Amino acid sequence: MLRYIELSPKSNYGYYSRGWWKHLAGQCEAAIEDCNLSIAIDSEYPYAYSVLARCYQYLGDSAKARFYCETLLAFDTIPTNGSQAYYAFLYLRQDDKAIKWIEQILERDSTETYDAACVYSLLGDTTKAPYYLERTLQNGWARFHHLEMDEDLNNIRNIVSYKRLVNEYYQKMLQNIGPTEQDTTAAQRIVEVPFTASNGVTKVDCTINGLSLNFVFDTGASDVTISQTEANFMFKNGYLKDNDVIGLQLYQTADGNISIGTTINLRQINFGGLELNNVRASVVRNQNAPLLLGRSVLQRLGKIEIDNQKRVLKITTR
């Protein structure tokens with residue numbers, strides 16, 4: 001999102017989005033600053049007001065939280081996609097108005113079910129919230145990282161139906177991007193990828209969008225991870241493009257701290273002659289962070305065995 005703001009400094013969405021992520025990370029003062037920048041560009045951007053109200057509620061300043069909710073309701077007067085009035089009604093304890101509002105949005109567009117799931121979750125309705133969430137997932141909505149971070153769903157996150165839905169549709173998504181029926185009937189082959197070991201880590205050579213890099217083979221990492229140094233070099237030299245930036249995400253470092261990183265799409269990874277397209281990666285703010293080859297690549301390669309004697313990774317793939 002930092003890159004997005006650099007490229008579009010007059011976009012209110014960029015500042016709001018960064019503010020939302022900062023709010024989730026507990027950095028409310030910084031989130032307030034970003035949302036005020038968003039409002040300076042567009043004084044009637046409902047999402048920024050919603051985050052401001054949440055931040056001040058989190059900080060215990062109920063007067064300012066109420067102010068931003070009431071200001072939001074003064075201009076957010078039509079129940080359509082993009083409206084945040086329902087949150088203001090809920091904060092002001094006007095639950096009936098919030099329900100009526102979201103139902104009016106659904107009457108206009110029956111696919112706007114994600115906000116309905118959020119409303120009923122905030123109301124503690126463990127029947128309707130999963131119902132609308134399931135309809136959302138049935139419509140092809142697949143932003144699972146957003147789903148896991150959205151605080152509006154905290155009231156249903158630990159119930160059985162929520163966990164079942166998320167797991168079921170996440171697995172369906174993996175199946176859709178996994179091998180095709182034709183692939184599963186193809187002959188298997190074993191590819192041997194040389195590695196080096198030093199200081200307790202295993203390193204392998206990869207080519208990312210045509211750039212040769214040395215990665216740590218890490219089965220404990222969820223994504224491919226690169227440092228800000230490599231990312232800056234790749235942007236400067238054309239290995240990464242503007243539309244490769246997906247957004248922001250929260251990640252936990254080894255010391256337990258929560259930090260914000262940028263999510264990017266790696267269009268092509270070549271690993272020991274195996275080529276993968278469109279792999280998600282995380283750019284961490286640490287300039288000296290190691291390059292990690294995580295599960296988002298490993299789970300798509302096939303069976304992996306480490307032959308320490310020959311110093312190779314044996315990958316059984318199709």
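Since we're looking at a predicted model, the values are computed, not measured.
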Of the non-hydrogen atoms in [X] and [Y], which two are nearest, and what is the gap between them?
X: I32; Y: C55; result: CG1-CB, 3.7 Å
X: Y114; Y: T136; result: N-OG1, 3.2 Å
X: I269; Y: I208; result: CG1-CD1, 3.5 Å
X: L137; Y: L165; result: CD1-O, 4.0 Å
X: P79; Y: R108; result: O-CD, 2.9 Å
X: N81; Y: E112; result: OD1-OE1, 3.2 Å

Do the side chains of [X] and [Y] join up, straight or via other hydrophobic residues, at under 4.5 Å, putting them in one cluster?
X: V166; Y: I156; value: yes
X: V224; Y: L313; value: yes
X: I39; Y: Y13; value: no
X: Y47; Y: F75; value: no
X: V51; Y: L92; value: no

Is a donor from one side chain sitting under 3.5 angstrom from an acceptor on the other, for S83 and D76?
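There is such a pair between these side chains.
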Taking only residues two or more places apart in sequence or in another chain, which ones pass salt bridge (Lys or Arg N to Asp or Glu O under 4.0 Å) with [X]?
X: E192; value: K310
X: R135; value: none
X: K128; value: none
X: R311; value: none

Non-hydrogen side-chain atoms of [X] and [Y] separated by less than 4.5 Å:
X: W21; Y: Q27; value: no
X: N209; Y: K241; value: no
X: W101; Y: V119; value: no

F195 vs V216, test: side chain to side chain contact (heavy atoms under 4.5 Å, CB included). Steps then yes/no.
CA-CA 9 Å; F195 70 81; V216 173; over 6 Å; no
Looking at residues at least two apart in the chain, or sitting in another chain, which of them share a side chain to side chain contact (heavy atoms under 4.5 Å, CB included) with [X]?
X: K100; answer: Q104
X: I190; answer: K314, T316
X: Y58; answer: C28
X: S50; answer: R54, Q84, Y87

Kindly write out the residues that satisfy ring-ring contact (aromatic ring centres under 6.0 Å, His included) with Y132, not counting sequence neighbours, or none if the list is empty.
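ring-ring contact (aromatic ring centres under 6.0 Å, His included) list for Y132, sorted by chain: Y120.
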The criterion is ring-ring contact (aromatic ring centres under 6.0 Å, His included); which residues satisfy it with Y131, sequence neighbours excluded?
none
Evaluate side chain to side chain contact (heavy atoms under 4.5 Å, CB included) for L153 paired with C118, printing each intermediate quantity in order.
CA-CA 6 Å; L153 299 175; C118 291; 4.3 Å; yes
Does T126 have any side-chain hydrogen bond (donor to acceptor under 3.5 Å, both in side chains) partners at least two apart in sequence or in another chain, and if so, which?
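Per chain and number, T126 pairs via side-chain hydrogen bond (donor to acceptor under 3.5 Å, both in side chains) with no residue.
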Evaluate D150 against L24 for side chain to side chain contact (heavy atoms under 4.5 Å, CB included), listing each step before the verdict.
CA-CA 8 Å; D150 196 337; L24 292 179; over 6 Å; no
Using 0.5 Å steps for rounding, measure from the [atom1] atom of [X] to the [atom2] atom of [Y].
X: D34; Y: H23; atom1: CG; atom2: NE2; value: 13.0 Å
X: L147; Y: L133; atom1: CG; atom2: CG; value: 5.5 Å
X: C69; Y: K64; atom1: SG; atom2: NZ; value: 14.5 Å

Ring center gap for F67 and Y56 short of 6.0 angstrom:
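So the answer is no for these two rings.
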Single hit among L72, I99, L73, D95 for side-chain contact (heavy atoms from CB on, under 4.5 Å) with F89:
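Going through L72, I99, L73, D95 one by one, the side-chain contact (heavy atoms from CB on, under 4.5 Å) with F89 is satisfied by L73 alone.
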Could you give all pairs that pass the side-chain hydrogen bond (donor to acceptor under 3.5 Å, both in side chains) test and reach residues 155-164, with sequence neighbours left out?
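Output for this query lists E148-Y162, N154-R157, R157-Y162, R164-E168.
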In sequence, state the C-alpha distance, the side-chain angles, and the governing distance for I226 and M234, and then conclude on side chain to side chain contact (heavy atoms under 4.5 Å, CB included).
CA-CA 11 Å; I226 64 177; M234 293 176 76; 4.2 Å; yes
Look at the rings of Y45 and Y16 and say which category their plane angle falls in: under 30° parallel, 30 to 60° tilted, over 60° perpendicular.
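Geometry flag for Y16 against Y45: perpendicular rings.
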Has S121 got a side-chain atom pairing as donor or acceptor with D152's backbone, closer than 3.5 angstrom?
yes
Using a 6.0 Å cut-off, check whether atom CD1 of I78 has over 12 heavy atoms from anything other than its own residue.
no
